[in-house]
Amino acid sequence: MLALLPGSRLGFGDVKLAAVLGLPLGWLGGSPLLFGLFLPHLLHGVVVLALLVAGRIRRSTPLPLGPALLAGAWLATLTP
């Protein structure tokens, strides 16, 4: 749904990756699934804020969400 919103900067590659990662996280249970939904956005937000403060990017710079999705899903599988 996020990719279909007007002005959304979420690409369909990120959407497909999120769907592929969501299936095994859902199979692991509710807790990993919720962490898998929350952690990528938290990780991506921290990276974006650090890059903005360092002056390496601007607000209009497109950044991929895929690495944060992968890291968040991996961290979510480590949760009990």
Side-chain angles (χ1 to χ4, degrees):
M1 290 299 289
L2 289 175
L4 298 176
L5 292 175
S8 174
R9 302 179 82 192
L10 189 64
F12 281 105
D14 294 331
V15 171
K16 290 186 275 187
L17 180 60
V20 168
L21 293 174
L23 289 172
L25 287 175
W27 182 73
L28 290 174
S31 179
L33 180 62
L34 290 176
F35 279 124
L37 289 171
F38 176 69
L39 284 175
H41 297 290
L42 180 68
L43 294 171
H44 190 67
V46 169
V47 169
V48 168
L49 283 175
L51 290 172
L52 281 170
V53 168
R56 306 280 291 179
I57 63 170
R58 287 184 251 177
R59 288 188 62 205
S60 61
T61 305
L63 292 173
L65 186 62
L69 285 171
L70 290 170
W74 180 71
L75 289 172
T77 60
L78 299 176
T79 60

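Sequential numbering from 1 along the given sequence is applied to the chain's residues.
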Self-check item: Evaluation steps, side-chain contact (heavy atoms from CB on, under 4.5 Å), between L65 and H41
Solution: CA-CA 8 Å; L65 186 62; H41 297 290; 4.3 Å; yes
Exercise. Find out if a path of hydrophobic residues (ILVMFWY) with successive side-chain heavy-atom gaps under 4.5 Å connects L37 to L69.
Key: no
Exercise. Locate the shortest heavy-atom distance separating H44 from P64; write the atom from each residue and the value.
Key: CE1-O, 3.3 Å
Quiz prompt | Nearest atoms (heavy-atom pairs only) where A76 meets P32 | solution = CB-O, 3.4 Å
Quiz item: When rounded to the nearest 0.5 angstrom, what is the spacing between CG in L43 and CG in L70?
Solution: 11.0 Å
Quiz item: Stepwise, does the side-chain contact (heavy atoms from CB on, under 4.5 Å) test hold for W74 with L78?
Solution: CA-CA 7 Å; W74 180 71; L78 299 176; 3.9 Å; yes
Exercise. Could you tell me the separation between the CG atom of L33 and the CG atom of L23, rounded to the nearest 0.5 Å?
Key: 9.5 Å
Quiz item: Can you list the residues that meet the side chain to side chain contact (heavy atoms under 4.5 Å, CB included) rule with L39, with sequence neighbours excluded?
Solution: F35, L42, L75
Quiz item: When Ile, Leu, Val, Met, Phe, Trp and Tyr are grouped by side-chain heavy atoms lying under 4.5 Å apart, directly or through other members, which residues fall in the same group as V48?
Solution: V47, L51, L52, I57, L63
Exercise. Give me the other members of the hydrophobic cluster that L49 sits in, counting Ile, Leu, Val, Met, Phe, Trp and Tyr linked by side-chain heavy atoms under 4.5 Å, directly or via other members.
Key: none
